[in-house]
Amino acid sequence: MPNKINLNLEQLAQGGVQELFDMNVKKILENIQDLNTEPTAKRKMTITFEFVPDENRSVIALGSQVKVSLAPTIGVAATVLTGRNIDGEIEANELQSGVPGQTYLDMETGELKSDIGEPLTEEAKPTIIDLQNPKKA
């Protein structure tokens, strides 16, 4: 017995429903490949059809809508040092060295930098003590 309801999703709205599906599947797949999202998080697509019949129940306006739920971008964290300077103004800088007050060697430039990433002046550089060759008193 042949099917008397002929509503093919691929052909509905001149292929518009399939086009919306394809476009949103692409968004989901791009989100899955985004290294800034949780890899195993669930993604979801919801297709909603709205049937609005006329007064005679013979003509139906059929609307469709596609919604996707993607994995959010993974957040990032930073440590910020804050306080008041000698003039009483508030200052804030990101901690670059890992420990407040510790200098570090910038691996990209080879420069010695402060804990907030500023290059050290000659007078601010720490004195290096050679423990292998101690000075005699």
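Positions are given from 1 along the sequence.
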How about [X] and [Y]: do any of their side-chain heavy atoms sit closer than 4.5 Å?
X     : Y     : answer
Lys26 : Glu30 : yes
Leu12 : Phe49 : yes
Ile47 : Phe21 : yes

Following the transitive rule for hydrophobic clusters with a side-chain heavy-atom cut-off under 4.5 Å over Ile, Leu, Val, Met, Phe, Trp and Tyr, establish whether [X] and [Y] coincide in one cluster.
X      : Y      : result
Ile5   : Leu62  : yes
Leu120 : Tyr104 : no
Leu112 : Leu95  : no
Ile90  : Ile116 : no

Enumerate the salt bridge (charged side-chain N to carboxylate O under 4.0 Å, His left out) contacts for residues 97-117, please, sequence neighbours excluded, ordered by first and then second residue. Asp106-Lys113
What pairs meet the salt bridge (charged side-chain N to carboxylate O under 4.0 Å, His left out) rule with one or both residues in residues 47-71, with sequence neighbours excluded?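 Qualifying pairs, neighbours excluded: none.
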Please report the interatomic distance [atom1]([X]) to [atom2]([Y]), rounded to the nearest 0.5 Å.
X     : Y     : atom1 : atom2 : answer
Phe51 : Ser64 : CZ    : OG    : 10.0 Å
Leu35 : Thr73 : CG    : OG1   : 11.5 Å
Gln18 : Asn8  : CD    : CG    : 9.0 Å
Asn36 : Ile74 : CG    : CD1   : 7.0 Å

Of all residues at least two apart in sequence or in a different chain, which pass the salt bridge (Lys or Arg N to Asp or Glu O under 4.0 Å) check with Asp22? none
Sequence-distant partners of Lys27, side chain to side chain donor-acceptor pair (under 3.5 Å), two or more places apart: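 Partners of Lys27 by the side chain to side chain donor-acceptor pair (under 3.5 Å) criterion come out as none, since no residue qualifies.
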For Ser114, all residues meeting side chain to side chain donor-acceptor pair (under 3.5 Å), sequence neighbours excluded: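 Ser114 satisfies side chain to side chain donor-acceptor pair (under 3.5 Å) with no residue once adjacent residues are dropped.
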Does Gln102 have more than 12 heavy atoms from other residues, nucleotides or ligands lying within 6.0 Å of its CD? yes
Stepwise side-chain contact (heavy atoms from CB on, under 4.5 Å) check, Val68 with Lys44: CA-CA 6 Å; Val68 294; Lys44 181 169 60 171; over 6 Å; no
Taking every non-hydrogen atom, the tightest pair across [X] and [Y]:
X      : Y      : result
Gly110 : Leu105 : O-CD1, 3.2 Å
Glu38  : Ala71  : O-CB, 4.4 Å
Thr37  : Asn31  : OG1-O, 3.1 Å

Enumerate, atom names and distances included, each donor-acceptor pair closer than 3.5 Å involving a side-chain atom of residues 75-88, sequence neighbours excluded.
{"unit_1": "Thr82", "atom_1": "OG1", "unit_2": "Glu91", "atom_2": "O", "d": "2.8"}
{"unit_1": "Arg84", "atom_1": "NH1", "unit_2": "Gly88", "atom_2": "O", "d": "2.8"}
{"unit_1": "Asn85", "atom_1": "OD1", "unit_2": "Asp87", "atom_2": "N", "d": "2.9"}
{"unit_1": "Asn85", "atom_1": "OD1", "unit_2": "Gly88", "atom_2": "N", "d": "3.1"}
{"unit_1": "Asn85", "atom_1": "OD1", "unit_2": "Glu89", "atom_2": "N", "d": "2.9"}
{"unit_1": "Asn85", "atom_1": "ND2", "unit_2": "Glu89", "atom_2": "OE1", "d": "3.2"}
{"unit_1": "Asn85", "atom_1": "ND2", "unit_2": "Glu91", "atom_2": "OE2", "d": "3.1"}

